[in-house]
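Read the structure below first, then the notes.
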Amino acid sequence: MAQIMTIERHILEQQKQFPNATGSFTRLLYDIALSAKIIARETTRAGLVGILGASDDHNVYGEQQQKLDIFADQTIFKMNDHSGQLCAMASEEHEDIMHIPPYYDNGKYVLLYDPLDGSSNIDVNVSVGTIFAVHRKISRGQQGTLEDLLQPGRRLAASGYVTYGSSTMMVYSTGQGVHGFTLDPSVGEFLLSHENIRVPDKTTYYSANQGNEKYWTPGMRRFTKWLQGIEGEGRKPLGHRYIGSLVADFHRNMLRGGIFFYPGDLQEPEKPFGKMRLMFEAQAIAFLAEQAGGYGSDGLGNLLDIQPHSLHQRVPLIVGNRDLVEKAEQYIRDYDQEWVAAYRPFRDKTLTTP
Ligand code: P6P
């Protein structure tokens with residue numbers, strides 16, 4: 001019988017490569033996997049238990065929270081607050097840092113997560129996902145602080161996502177490649193299904209909300225025409241696939257090759273930084289892309305090198321095959337000086353984004 005590799009066993013095997021691993025990192029990834037199984041159970045039967053539909057709460061962005069958002073957010077916090085692995089958490093659904101309750105031990109990691117990304121798709125049965133990132137504690141004292149959370153992606157200890165789609169998959173990296181596990185609901189285990197995912201050289205799709213094209217910068221509009229084979233050397237056009245759930249779009253492109261972009265624009269000149277959240281979406285995705293041989297950029301350079309300045313900071317996200325992302329950066333350099341001048345102060349923390 002082929003070797004059955006559960007995510008727990010895979011994490012343990014990976015930890016063996018860290019001689020001084022205390023196993024606490026392993027426990028943390030276990031708890032995230034367990035959170036995913038609980039959320040998966042609810043997402044697959046959301047329509048049956050009346051959990052669908054928007055709640056009357058709203059998150060920090062003023063977006064109406066779906067009940068499943070709240071369930072996922074609470075599940076991840078409660079599955080991770082007592083394990084003694086974390087000294088703080090942060091969630092896309094909460095304005096501020098989330099401390100570990102005083103009656104539990106603090107640990108040496110912090111967890112940042114988007115509990116249910118793409119939640120506007122919940123009611124129409126389109127894939128949604130959880131995105132998570134783990135940084136090491138760097139501040140003094142027991143409790144985690146913003147300093148522990150606001151670290152550049154280059155320092156990530158791990159990141160990953162769960163996609164709740166035709167099957168439930170958990171994909172993660174601890175800096176030793178990207179590995180995918182598919183949930184076998186009959187045994188309640190994530191089983192290794194995609195070992196060492198590498199972005200294929202052959203690029204297949206581009207993913208972007210073409211409905212925003214009139215707001216895109218000249219460079220990004222030209223880049224899109226290049227992807228379609230209309231501008232430049234008349235390359236074979238890429239297929240256009242856009243689900244509107246970052247995890248689903250990114251997951252497909254990582255397996256099939258291609259590029260996802262949600263660029264910054266000047267539709268509102270005082271908000272040139274696009275829609276994606278650096279700490280809850282973009283950093284984790286860019287880390288995985290790079291671990292799989294791809295690249296994540298904000299249009300000016302590597303997303304992993306950005307020094308964050310606020311928890312809910314937004315950034316443009318251009319991620320996928322390195323050659324495609326670097327082509328987009330070239331178009332921005334050549335045609336988008338006005339946008340670069342507007343965005344750079346936000347990136348270089350001379351201004352803070354809301
Ligand atoms: P739009 C979901 O709200 C999300 O953050 C990502 O999952 C997704 O890629 C993007 O926004 C979709 O945004 O403006 O195209 O609907």
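Numbering of ligands and ligand atoms starts at 1, following listing order. It should be emphasised that the depicted structure is a prediction, and the values quoted were computed from it without experimental measurement. All values below were derived from every heavy atom in this structure, side-chain atoms included, with hydrogens, water molecules and symmetry-related copies excluded.
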Of all the atoms in ligand 1, which lie at a distance below 4.0 Å from a heavy atom belonging to [X]?
X: Phe260; value: 9 (O)
X: Leu246; value: 6 (C), 7 (O), 8 (C), 9 (O)
X: Lys275; value: 1 (P), 3 (O), 10 (C), 11 (O), 12 (C), 13 (O), 14 (O), 16 (O)

Using a plain distance cutoff, I'd like to know if [X] has any nitrogen or oxygen under 3.5 Å from a nitrogen or oxygen of ligand 1.
X: Ser120; value: no
X: Val247; value: no
X: Tyr242; value: yes

[X], portion touching ligand 1 at heavy-atom distance under 4.0 Å:
X: Phe250; result: neither
X: Asn209; result: side chain
X: Arg277; result: side chain

Between His179 and His194, is the ring centroid distance below 6.0 Å?
no
Are the ring centres of His240 and Tyr206 closer than 6.0 Å?
yes
Do the side chains of Tyr30 and Leu12 get nearer than 4.5 Å, heavy atoms only?
yes
Are Met98 and Ser91 side-chain neighbours, meaning at least one heavy-atom pair lies under 4.5 Å?
yes
Any donor-acceptor N/O pair, Gln307 side chain to Leu150 backbone, under 3.5 Å:
yes
Member of Val187, Asp184, Leu191 meeting the side-chain contact (heavy atoms from CB on, under 4.5 Å) criterion with Ile4:
Leu191
Walk me through it: do Phe273 and Trp339 pass the test ring pair (Phe, Tyr, Trp, His ring centres under 6.0 Å)?
CA-CA 9 Å; Phe273 34 74; Trp339 172 78; over 10 Å; no
Measuring from the heavy atoms of Ser245, does anything fall under 4.0 Å of ligand 1?
yes
